[in-house]
Number of protein chains: 2
Amino acid sequence: MFSKACEYGIKASTYIALKSLEEKRVSLKEISSEIDSPMAFTAKILHQLAKNDILVSAKGPSGGFQIQKDRIESIKLADIVYAIDGDSVYKGCALGFNECNANKPCPLHDKFVVIRDELKKMLQNTSLFELTEGLEVGLTFLKR
Amino acid sequence: MFSKACEYGIKASTYIALKSLEEKRVSLKEISSEIDSPMAFTAKILHQLAKNDILVSAKGPSGGFQIQKDRIESIKLADIVYAIDGDSVYKGCALGFNECNANKPCPLHDKFVVIRDELKKMLQNTSLFELTEGLEVGLTFLKR
DNA sequence: ATTATTTCGGACAAAATTATCATAAATAAG
DNA sequence: CTTATTTATGATAATTTTGTCCGAAATAAT
Ligand code: FES
Ligand code: FES
């Protein structure tokens with residue numbers, strides 16, 4: 001469904017959000033340990049998210065990554081997925097046409113669009129804050 | 001969403017179904033031309049589908065692929081996807097855990113399961129026959 | 001039987017994705 | 001200013017997915 005990069009991106013963002021809620025900045029090392037992801041690969045993804053204005057990075061000792069507290073509620077999953085995987089999730093054709101187009105649809109178009117739109121809605125409606133809620137109370141997990 | 005292999009598999013199966021409705025067997029060459037897919041790669045996918053009892057293959061001159069007419073309605077997209085991509089579409093975790101498990105869920109679990117189940121239902125309810133209907137009347141297409 | 005055609009099957013190759021490594025750049029702290 | 005720490009960046013490697021090639025096996029037609 002999502003690329004590995006995207007999965008790491010979502011998990012990392014969620015963890016950073018969780019810590020940012022208590023004003024803490026977190027290092028790459030801590031992040032990749034907490035979400036169980038390859039460190040260097042995660043670094044690139046975080047860099048990508050920083051470029052896309054989703055999180056803030058700081059170099060040097062006591063540096064790390066953070067998300068502005070007041071944005072945790074307004075940053076949606078869709079923003080993260082878009083920053084990493086682009087719009088393929090929203091515009092992609094089920095059967096691989098370059099672009100989904102209702103004027104020259106693939107046989108699966110009608111039924112697929114319904115699902116894809118629900119996925120889209122879900123991603124657009126789910127904020128980073130929501131993802132942290134279950135984590136805090138030990139109801140959900142970022143690694144096993 | 002689906003792998004390339006799966007996309008080709010669905011398109012090929014749909015085309016074979018379309019021709020099988022008029023008792024025609026179709027060659028690999030014709031198939032990959034009609035769905036615009038790499039021939040040798042398509043061959044492997046068709047072979048895979050034949051092994052999984054979704055279509056019948058015949059070697060030699062005037063050989064090719066066919067689907068039993070009386071099964072075109074009962075073969076569902078889910079069967080094809082399963083034969084090629086396995087159960088990852090149905091059991092996969094949104095954030096990459098080995099298996100989705102409600103007892104130790106990822107932060108996206110609850111919202112993701114809803115979408116995944118709808119996709120599952122859609123695939124289980126959509127028959128190969130349904131996909132051919134639009135094709136016959138020029139409403140849908142297998143290539144652009 | 002021979003031949004032409006077509007799927008089967010395995011080895012191989014290319015491309016994309018995922019992951020690692022080494023070094024540079026920034027910066028906080030002493 | 002120097003040093004230690006941490007992100008940034010580009011090169012490289014491993015893995016997976018996608019795609020190609022070629023000969024083997026089957027079989028229909030002559
Ligand atoms: S054209 Fe294929 S999903 Fe819309
Ligand atoms: S555990 Fe991640 S989707 Fe169920």
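Predicted model, so just to flag it, every value in this text is computed and none were measured.
- Under the side chain to side chain donor-acceptor pair (under 3.5 Å) criterion, B/E34 pairs with no residue, sequence neighbours left out.
- Not counting sequence neighbours, B/K29 has no partner by the side chain to side chain donor-acceptor pair (under 3.5 Å) test.
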Tabulate below the donor-acceptor pairs under 3.5 Å that side-chain atoms of residues 103-112 of chain A make, not counting sequence neighbours, or state none.
{"residue": "A/K111", "atom": "NZ", "partner": "B/T126", "partner atom": "OG1", "Å": "3.1"}
{"residue": "A/K111", "atom": "NZ", "partner": "B/E130", "partner atom": "OE1", "Å": "2.9"}

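- Dashed line: the shortest gap from a side-chain N or O of B/Y8 to OP1 or OP2 of D/dG19 is under 4.0 Å.
- A heavy atom closer than 4.0 Å to some atom of DNA chain D occurs in A/S27, A/L28, these being the qualifying members of residues 14-35 of chain A.
- Within residues 47-58 of chain A, the residues having any heavy atom closer than 4.0 Å to DNA chain D are, in order of number, A/H47, A/S57, A/A58.
- Residue A/V114 belongs to no hydrophobic cluster, having no ILVMFWY side-chain heavy atom closer than 4.5 Å to its own.
- Salt bridge present: B/E7 and B/K4 bring a charged side-chain N and a carboxylate O closer than 4.0 Å.
- Heavy-atom distances to DNA chain C give each of B/G63 and A/T42 a nearest nucleotide, and the one nearer the 5′ end belongs to B/G63.
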Can I get a per-line list of side-chain donor-acceptor pairs under 3.5 Å for residues 66-75 of chain A, giving both atom names and the distance, sequence neighbours left out?
{"residue": "A/K69", "atom": "NZ", "partner": "A/L21", "partner atom": "O", "Å": "3.3"}
{"residue": "A/K69", "atom": "NZ", "partner": "A/E23", "partner atom": "OE2", "Å": "3.3"}
{"residue": "A/R71", "atom": "NH1", "partner": "A/D53", "partner atom": "O", "Å": "2.9"}
{"residue": "A/R71", "atom": "NH2", "partner": "A/D53", "partner atom": "O", "Å": "3.4"}
{"residue": "A/S74", "atom": "OG", "partner": "A/R71", "partner atom": "O", "Å": "3.2"}

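- Hydrophobic cluster membership for A/L139: A/V137 (Ile, Leu, Val, Met, Phe, Trp, Tyr linked by side-chain heavy atoms under 4.5 Å, directly or transitively).
- Comparing C/dT7, D/dA4, C/dT5 against the side chain of B/K59 picks out C/dT7 as the nearest.
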Please list every donor-acceptor pair under 3.5 Å in which a side-chain atom of residues 80-91 of chain B meets a protein atom from a residue at least two apart or in another chain.
{"residue": "B/D85", "atom": "OD1", "partner": "B/S3", "partner atom": "OG", "Å": "2.8"}
{"residue": "B/D85", "atom": "OD2", "partner": "B/S3", "partner atom": "N", "Å": "3.4"}
{"residue": "B/D85", "atom": "OD2", "partner": "B/S3", "partner atom": "OG", "Å": "3.3"}
{"residue": "B/S88", "atom": "OG", "partner": "B/D85", "partner atom": "O", "Å": "3.3"}

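- The side chain to side chain donor-acceptor pair (under 3.5 Å) pairs that include a residue from residues 8-18 of chain A are A/Y15-A/E30, where partners are two or more places apart or lie in different chains.
- Every residue was checked against the ring pair (Phe, Tyr, Trp, His ring centres under 6.0 Å) condition with B/F65, not counting sequence neighbours, and none meets it.
- Rounded to whole angstrom, the span from the CG atom of B/D36 across to the C1' atom of D/dG19 amounts to 14 Å.
- Residues A/S37 and A/S32 have side chains that never bring a donor and an acceptor to within less than 3.5 angstrom of each other.
- A/A40 comes within 4.0 angstrom of a base, heavy atoms only.
- For the pair A/I45 CD1 and D/dT7 P, the interatomic distance rounds to 14 Å; values are reported in whole Å.
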Strictly under 3.5 Å: I want the nitrogen or oxygen pairs between protein and nucleotides 11-17 of chain C, one per line.
{"residue": "C/dA11", "atom": "N6", "partner": "B/K44", "partner atom": "NZ", "Å": "2.8"}

